[in-house]
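Below is one structure, written out as structure tokens; the observations come after it.
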Amino acid sequence: MVKFGLTPAQAIRAATSSAADLIGRAADVGTVEAGKYADLIAVTGDPLQNVTALENVSFVMKGGTVVKDTITTKTAH
């Protein structure tokens, strides 16, 4: 989307909150808010400055469970 003229923020919004609105699910998905379902990702770069940072996802939380985490270092006790 950025390649064809959207800003990174517009592209991210199109893929999240705007998409949820278009499919009639904005009440329960699309944004991070109390009471909504949310799967979260984290990247080490700033996708608003360089949207390609979203191509290298370092952290994924699905349904409240961390399923990928290459950002923090976990030590065994």
Q) Between Val29 and Thr16, is a side-chain contact (heavy atoms from CB on, under 4.5 Å) present by the stated rule, with each step listed? A) CA-CA 8 Å; Val29 298; Thr16 56; over 6 Å; no
Q: May I ask whether Val43 and Val67 are part of the same hydrophobic cluster, defined by side-chain heavy atoms of I, L, V, M, F, W, Y residues being less than 4.5 angstrom apart, directly or through others?
A: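 Same cluster.
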**Q.** Connected via hydrophobic side-chain network under 4.5 Å: Val2 and Ile41
**A.**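 Linked, Val2 and Ile41 end up in one cluster.
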How close do [X] and [Y] get, counting heavy atoms only, and between which atoms?
{"X": "Pro47", "Y": "Pro8", "value": "O-CB, 3.2 Å"}
{"X": "Asp69", "Y": "Ile71", "value": "OD1-N, 3.0 Å"}
{"X": "Thr31", "Y": "Lys36", "value": "OG1-NZ, 2.6 Å"}

**Q.** Interatomic distance, Arg25 atom CZ to Ser17 atom OG [nearest 0.5 angstrom]
**A.**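 Here the rounded value is 14.5 Å.
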Q. So, Gln10 side chain and Thr7 main chain: donor-acceptor pair closer than 3.5 Å or not?
A.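 Indeed, once roles are kept as given, a pair shorter than 3.5 Å links the two residues.
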Do any side-chain atoms of residues 51-66 form donor-acceptor pairs under 3.5 angstrom with protein atoms, and if so which ones, sequence neighbours left out?
unit_1, atom_1, unit_2, atom_2, d
Thr52, OG1, Asn50, OD1, 2.6
Thr52, OG1, Asn50, ND2, 3.3
Lys62, NZ, Asp39, OD2, 3.3

